[in-house]
Amino acid sequence: MSPRWYADHDLTAANTLGLPCRAERFVAPMTPAELGEALALAREGGWPTLVLGGGSNLILPAFLTGLVIRPAMNDWWLVESGDGSVRVHAEAGVVWHELVMALAARDLWGLENLALIPGHCGAAPIQNIGAYGVELAERLEAVHLVHLDDGREAVLGPQACAFGYRDSVFKHALAGRVAITRLVMRVSRTPEPRLGYGDLAGRVTESPTALEVAEAVCAVRREKLPDPAVLGNAGSFFKNPVVSSERAASLREAYPDMPSFPLDDGRTKLAAGWLIDRCGLKGWRDGAFGVHDRQALVLVHHGGGDAAGLLAFAARVADTVERRFGVALEREPRLATG
Ligand code: FAD
Ligand code: EPU
């Protein structure tokens, strides 16, 4: 059966920033075959194609020409291996947080620190989602995908994904060129709590279950991060900047309370939220947009704004940080062009 097609489809509720957007054409294929059919039609028609997930890391323009495809294949399953580890296969349309909680409830370890990250599984490798000391890359074994330009299917291993901090091949050589259809991740029956980030350890019992850790992560996140259902946002608006260790040392001299995290490659990661906060911008609002009052790295949309307004607001935040600290901030959410 062919998937249902929509013309002039409203995506305002399909992006967590709540930016007004209409798509010329929209389809939500429920099987790989339906996805293949949609991609073939897009190729025939020469339509620019955007693959959409939960819309939680995207800045959408008022109008998207061509085709927006939101994969709606949403099965997941487990494959046991003899050594105590388990592979979880998750199709692109599976809601990430629901999968994490389902695995944690089965006491399968590995993804519990990534609870409550919005969005769908298909988007998780794009920026190598990470939180509370864990990144997807540590658990990812394979990404199944289809190339938009010729319908060719492929499976990439972790090396080919070229994962980095909020980075992957899907932001570079393969940006906008593939639809991810399925992930394969490794989880474990052996308890592997990762409680080193912030005050996580203090929020769980001595030998916690995976579910307990996931629930603690959810609780910390709810204290800081705005719920997109209540206040439009895309999570962190900027990446945490990485600078040379010399630059970090000279900043720490001027600002001894500045958080900084040494990386394996000798460089140092700074906390963009702290830099913005320290500029006095936390809670600052100008019209439709603002800096969240509990987490300065999150820009919020109070309603009535558009992509251009958001980018202009963000540029003012970044300029203020650059003038004060000499540190450039790089945007995290992807910008979709019409
Ligand atoms: P979308 O926003 O729909 O898409 C993002 C990008 O992926 C786009 O370029 C899109 O074209 C592409 N894409 C989507 N699906 C596919 C697919 N199937 N195939 C190919 N390309 C695709 N991120 C973190 O890493 N850590 C956090 O702690 C975190 N916290 C957040 C908290 C809040 C409140 C919010 C709103 C966001 C947060 N994010 C965080 C960002 C976001 O949730 C993640 O980046 C998430 O993986 C995006 O998923 P999505 O399905 O919403 O992707
Ligand atoms: N900080 C402030 N003021 C603020 C915000 C933060 O001083 O307003 C300080 C904190 O006190 C802390 C440091 O900055 O010392 C880091 O803050 P936090 O632990 O809240 O994390 P973050 O660096 O701001 C990153 C990710 C989040 C992820 C959390 C938890 C990036 C860009 N962001 O935020 O990911 O959930 O760590 O691991 O790496 C996202 O990518 O959308 C996202 C929400």
Side-chain angles (χ1 to χ4, degrees), residues 11 14-17 35 49-60 68-73 91-97 113-136 143-146 148 165-166 168 170-171 174-183 197-200 217 220-242 257-261 269-279 281-283 291-300 329-336:
L11 293 178
N15 74 99
T16 60
L17 273 161
L35 173 66
T49 300
L50 174 77
V51 185
L52 179 70
S56 65
N57 214 27
L58 263 179
I59 301 172
L60 293 179
V68 172
I69 298 185
R70 185 168 59 201
M73 303 89 79
E91 290 186 308
V94 172
V95 173
W96 176 261
H97 171 67
N113 290 39
L114 305 180
L116 213 59
I117 297 181
H120 297 179
C121 287
I126 306 288
Q127 72 159 6
N128 176 25
I129 55 170
Y132 298 92
V134 172
E135 283 185 346
L136 174 71
V143 174
H144 293 242
L145 55 81
V146 48
L148 302 185
Y165 163 62
R166 297 294 189 270
S168 74
F170 307 109
K171 285 185 161 191
L174 295 182
R177 299 177 66 176
V178 299
I180 292 172
T181 51
R182 192 195 335 154
L183 311 184
Y197 194 101
D199 64 346
L200 208 48
V217 167
V220 185
R221 294 178 65 98
R222 286 196 179 100
E223 284 167 18
K224 292 194 208 176
L225 294 166
D227 177 356
V230 177
L231 185 56
N233 75 91
S236 300
F237 196 84
F238 302 102
K239 295 184 195 178
N240 283 325
V242 176
D257 61 331
M258 182 188 77
S260 62
F261 312 92
K269 198 195 269 183
L270 306 180
W274 185 92
L275 299 173
I276 297 169
D277 192 349
R278 197 57 189 254
C279 288
L281 293 174
K282 200 170 184 168
V291 176
H292 187 50
D293 57 7
R294 273 175 286 142
Q295 216 313 353
L297 194 43
V298 178
L299 302 190
V300 295
L329 295 183
E330 191 188 332
R331 177 167 39 79
E332 184 191 281
R334 314 297 315 277
L335 182 63

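Atoms within each ligand, like the ligands themselves, are counted from 1 in listed order. Because only heavy atoms are used, hydrogens play no part in the values below, and waters and symmetry mates are left out as well, while side chains stay in.
When atom types are taken as modelled, the side chain of Thr16 and the backbone of Asn233 share a donor-acceptor pair closer than 3.5 angstrom. Checking side-chain atoms of Lys171 against main-chain N and O of Arg334 turns up no donor-acceptor pair under 3.5 Å. Judged purely by atom type and a 3.5 angstrom limit, Ser168 uses its side chain to pair as donor or acceptor with the backbone of Pro125. Looking at Asp227, its side chain never comes within 3.5 Å of a backbone N or O of Leu225 through a donor-acceptor pair. No side-chain donor-acceptor contact under 3.5 Å links Asn240 to the backbone of Ala271. Trp96 places no side-chain N or O within donor-acceptor distance of the main-chain N or O of Gly122, the cut-off being under 3.5 Å.
Nearest protein heavy-atom contact of atom 36 (O) of ligand 2 is Arg221 NH1, 3.4 Å. Here the protein heavy atom with the shortest distance to atom 29 (C) of ligand 2 is Tyr197 OH, 4.0 Å. In this structure, atom 41 (O) of ligand 2 lies nearest to the protein heavy atom Glu332 OE1, 2.8 Å. In this structure, the protein non-hydrogen atom closest to atom 17 (O) of ligand 2 is Gln295 NE2, 4.2 Å. When hydrogens are left out, the protein atom nearest atom 23 (O) of ligand 2 is Asn240 ND2, 2.8 Å; that is the closest non-hydrogen contact. Protein heavy atom in closest approach to atom 18 (N) of ligand 1: Ile180 O, 3.1 Å. Counting only heavy atoms of the protein, atom 1 (N) of ligand 2 lies nearest to Trp274 N, 3.8 Å. At the top of the distance list for atom 3 (N) of ligand 2, counting protein heavy atoms only, stands Asp277 OD2, 2.8 Å. The shortest contact between atom 39 (N) of ligand 1 and any protein heavy atom is with Ile117 CG2, 4.2 Å.
The proximity of Thr16 to ligand 1, defined as any non-hydrogen pair under 4.0 Å, is limited to the side chain. Under 4.0 Å from ligand 1, the heavy atoms of Ala234 that appear belong solely to its backbone. Residue His120 touches ligand 1 through backbone and side chain together, judged by heavy-atom distances below 4.0 Å. Counting heavy atoms closer than 4.0 Å to ligand 1, residue Ile126 contributes side-chain atoms (C-beta onward) but none from N, CA, C or O. Counting heavy atoms closer than 4.0 Å to ligand 1, residue Leu50 contributes side-chain atoms (C-beta onward) but none from N, CA, C or O.
For ligand 1, the atoms lying closer than 4.0 Å to a non-hydrogen atom of Gly119 are 49 (O), 50 (P), 51 (O), 52 (O). Of all atoms in ligand 2, numbered sequentially from 1 with element shown, those under 4.0 Å from a heavy atom of Pro259 are 15 (O). Residue-ligand proximity, Phe238 to ligand 2, at heavy-atom distances under 4.0 Å covers atoms 32 (C). Distances below 4.0 Å separate heavy atoms of Ala131 from the following atoms of ligand 2: 36 (O), 38 (O). With ligand atoms numbered from 1 in the order given, ligand 1 contributes 1 (P), 2 (O), 3 (O), 50 (P), 52 (O) to contacts under 4.0 Å with heavy atoms of Gly55. Listed by atom number, the atoms of ligand 2 under 4.0 Å from Leu297 heavy atoms are 24 (O), 32 (C). Atoms of ligand 2 found under 4.0 Å from any heavy atom of Gly235, numbered from 1 in the order shown, are 42 (O). Close contacts between ligand 2 and Lys282 involve ligand atoms 3 (N), 4 (C), 8 (O) [criterion: under 4.0 Å to a heavy atom].
Close N/O approach between Ala131 and ligand 1 is not found [any backbone or side-chain N/O within under 3.5 Å]. Taking only nitrogen or oxygen atoms, main chain and side chain alike, Gly53 reaches within less than 3.5 Å of ligand 1. Polar contact check, Ala296 against ligand 2: a nitrogen or oxygen pair lies under 3.5 Å apart. At a 3.5 angstrom cut-off on N or O pairs, Gly54 counts as close to ligand 1. Polar contact check, Gly130 against ligand 1: a nitrogen or oxygen pair lies under 3.5 Å apart. Residue Asn233 has no N or O atom closer than 3.5 Å to an N or O atom of ligand 1.
A salt bridge does not link Glu223 to Arg294: none of the charged nitrogens lies less than 4.0 Å from a carboxylate oxygen. A salt bridge links Arg278 to Asp257: one of the charged nitrogens lies within less than 4.0 Å of a carboxylate oxygen. Ion pair Lys239/Glu330 flagged as a salt bridge, since at least one NZ, NE, NH1 or NH2 atom sits closer than 4.0 Å to an Asp/Glu carboxylate oxygen.
Heavy atoms of Arg166 come nearer than 4.0 angstrom to ligand 1 in at least one pair. Ligand 2 has no atom lying under 4.0 Å from any heavy atom of Arg278.
When Leu174, Val51, Asn113 are checked for heavy-atom proximity to atom 16 (C) of ligand 1, Val51 turns out nearest. Checking Asn57, Leu52, Leu60 against atom 2 (O) of ligand 1, the nearest heavy atom belongs to Asn57. Distances from atom 44 (C) of ligand 1 to the heavy atoms of Val95, Val178, Ile129 show the closest one on Ile129. Within the set Phe237, Tyr132, Tyr165, the minimum heavy-atom distance to atom 38 (O) of ligand 2 is found for Tyr132. For atom 44 (C) of ligand 2, the nearest non-hydrogen atom from the set Ala271, Ser236, Gly130 comes from Ser236. Here atom 28 (C) of ligand 2 lies nearest to Arg166 when heavy atoms of Glu330, Lys224, Lys239, Arg166 are compared.
Across Leu299, Val300, Leu297, a single residue satisfies side-chain contact (heavy atoms from CB on, under 4.5 Å) together with Phe237, and that is Leu299.
Not a single protein heavy atom sits closer than 4.0 Å to atom 10 (C) of ligand 2.
Closest approach of Leu136 and Asn128 over heavy atoms only: N-OD1, 3.4 Å. What you find for Val51 and Ala179 is that their closest heavy atoms are CG2-CB, 4.0 Å. Taking each heavy atom of Ala115 and His97 in turn, the nearest pair found is C-ND1, 3.8 Å. In plain terms, the two heavy atoms of Ser236 and Pro333 that are nearest each other are O-CD, 4.0 Å.
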- request: Tell me, with the steps shown, if Leu52 and Ile69 meet side-chain contact (heavy atoms from CB on, under 4.5 Å).
  value: CA-CA 6 Å; Leu52 179 70; Ile69 298 185; over 6 Å; no
